[in-house]
J.: 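Pasting a structure here, questions to come.
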Amino acid sequence: MVVMLQEVRSGRLDSAFFDRSALEVAPALLGKLLVRELDEGNGSARLIAGRIVETEAYMQDDPAFHAWGIVDVPTGLVKPSGRGYALFAPPGTAYVYLCYGVHWLLNVVTEREGIAGCVLIRALEPVAGHEHMTQRRPAARTRIDLCNGPGKLTQAFAISGVHHQTNLCTGPIYFSASGCEDPVDMATSARIGISRAIERPWRFFERDSAFVSPGIPSDIAAAKRRKRRNDRRLRTKLGG
DNA sequence: ACGAGGATGCTCT
DNA sequence: GAGCATCCTCGTG
């Protein structure tokens with residue numbers, strides 16, 4: 001896939017695209033590009049781009065959501081303290097936060113201003129700027145390892161807390177629909193790595209893509225843990 | 001292949 | 001103090 005800078009710029013997604021439910025935006029982002037333009041000085045820009053192959057939706061009234069519980073129910077007022085407040089920002093705003101004290105995770109805010117919702121970008125198929133990504137991710141051994149996880153792709157794209165609450169429709173980090181006309185063979189599952197609301201099928205990914213993250217959906221992971229615990233208990237009983 | 005554990009910092013109870 | 005929207009390395013089969 002050859003990517004031309006002008007073409008990518010002309011396909012830029014605007015705030016109207018994100019001005020709806022996260023449950024609509026998350027699947028709609030599959031097949032689109034996440035783009036980063038790095039200023040090289042002398043007026044030229046270096047392009048980093050990846051085709052989105054995995055997303056997750058997070059919604060108001062969602063116990064796994066960072067905005068959960070910050071609305072005062074009797075009055076309907078939003079408590080202005082806490083990190084979740086940023087999720088009420090206008091559509092297309094970046095919500096970037098540090099996970100496990102180690103990894104930055106990129107979300108894009110959805111819904112009109114005053115309603116919370118976001119989509120987590122979980123995995124990309126690298127399309128442009130391969131050398132730059134490899135440089136930023138020395139642990140990656142193959143092209144697949146560059147962006148197949150939410151913490152990996154922010155590393156590859158050099159996205160961090162400084163981009164929190166920046167505008168993803170008008171800035172150097174944006175989404176583009178250029179070159180993405182082919183329909184995506186989409187599948188869904190429960191979200192990954194969460195402990196609450198694990199039954200909601202709000203993860204969207206390209207079926208059979210080699211570039212989706214290796215994570216296990218939380219409902220399946222929980223069932224596995226239960227089985228392991230049970231097996232261990234039975235062995236202990238037989239042995240003792 | 002798969003499982004265990006450590007790194008590391010912010011948020012909320 | 002606990003609990004994370006993770007990733008990597010190093011053990012064992």
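In what follows, chains are A, B, ... by sequence order, proteins preceding strands, each numbered from 1. Hydrogens, waters and symmetry mates are skipped; everything else that's a heavy atom, side chains included, is used.
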J.: Rounded to the nearest angstrom, tell me the gap between atom CZ in A/Phe65 and atom C1' in B/dT11.
T.: 15 Å
J.: For A/Ile144 and C/dC7, give me the distance from atom CD1 to atom C1', rounded to whole Å.
T.: 17 Å
J.: Inspect the contact between A/Arg122 and A/Glu56 and indicate whether a charged nitrogen and a carboxylate oxygen are less than 4.0 angstrom apart.
T.: yes
J.: Quick check on C/dA5: is either OP1 or OP2 less than 4.0 Å from any side-chain nitrogen or oxygen of A/His66?
T.: yes
J.: Using whole Å, what does the distance between atom P of nucleotide B/dT11 and atom OH of A/Tyr85 come to?
T.: 16 Å
J.: In the structure shown, which nucleotide is the Watson-Crick or G-U wobble counterpart of B/dG9, with both distances under 3.5 Å?
T.: C/dC4
J.: Rounded to the nearest Å, what distance is computed from the NE2 atom of residue A/His103 to the C1' atom of nucleotide B/dG6?
T.: 11 Å
J.: Reckon A/Arg137 has a side-chain N or O less than 4.0 Å from the OP1 or OP2 of C/dC7?
T.: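 Indeed not, no polar side-chain atom of A/Arg137 lies that close.
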J.: Between A/Arg51 and A/Asp182, is there a salt bridge with N-O shorter than 4.0 Å?
T.: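 Salt bridge flag = no for A/Arg51 with A/Asp182.
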J.: Identify whether a stacking contact exists between A/Tyr58 and C/dA5, where the ring centres must be under 5.5 Å apart and the planes under 30° apart.
T.: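 Stacked: centres under 5.5 Å apart, planes under 30°.
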J.: What is the distance, to the nearest angstrom, from the CD1 atom on A/Ile192 to the C1' atom on C/dA5?
T.: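 Distance check: A/Ile192 CD1 to C/dA5 C1' gives 10 Å.
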J.: Give one of base, sugar-phosphate or nothing for A/Gly101, where a contact means two heavy atoms less than 4.0 Å apart.
T.: base
J.: Return the value, rounded to whole Å, for the distance between atom CG of A/Asn148 and atom P of C/dT6.
T.: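 These atoms are roughly 13 Å apart.
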J.: Test the A/Arg203-A/Phe205 pair against the cation-pi criterion, namely NZ or CZ under 6.0 angstrom from the six-membered ring centroid and within 45° of the ring axis.
T.: yes
J.: Paired with B/dC2: which nucleotide, if any, by Watson-Crick or G-U wobble criteria at under 3.5 Å for both distances?
T.: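 Matched B/dC2 with C/dG11 under the 3.5 Å cut-off.
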J.: Is any side-chain N of the basic residue among A/Arg136 and A/Glu131 closer than 4.0 Å to the acidic one's carboxylate O?
T.: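 No, A/Arg136 and A/Glu131 are not salt-bridged.
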J.: I need the NZ-P distance between A/Lys227 and B/dC2, as an integer number of Å.
T.: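 About 14 Å, once rounded to whole Å.
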J.: From CD1 of A/Ile220 over to P of B/dG3, roughly how many Å is that when rounded to an integer?
T.: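 Spelled out: CD1 on A/Ile220 to P on B/dG3 is 13 Å.
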J.: Report which part of the nucleic acid A/Gly215 touches: base, sugar-phosphate, or nothing (heavy-atom distance under 4.0 Å, all strands).
T.: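 Counting heavy atoms under 4.0 Å across all strands, no contact is made by A/Gly215.
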J.: Within 45° of the ring axis of A/Phe17 and under 6.0 Å from its six-membered ring centre, is that where the NZ or CZ of A/Arg12 lies?
T.: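 So A/Arg12 doesn't make the cation-pi contact.
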J.: Where each residue is assigned the nucleotide of DNA chain C containing its nearest heavy atom, which of A/Asp145 and A/Ile194 is assigned the position nearer the 5′ end?
T.: A/Ile194
J.: Between A/Ser195 and A/Ala140, who's closer to the 5' end of DNA chain C by nearest nucleotide?
T.: A/Ser195
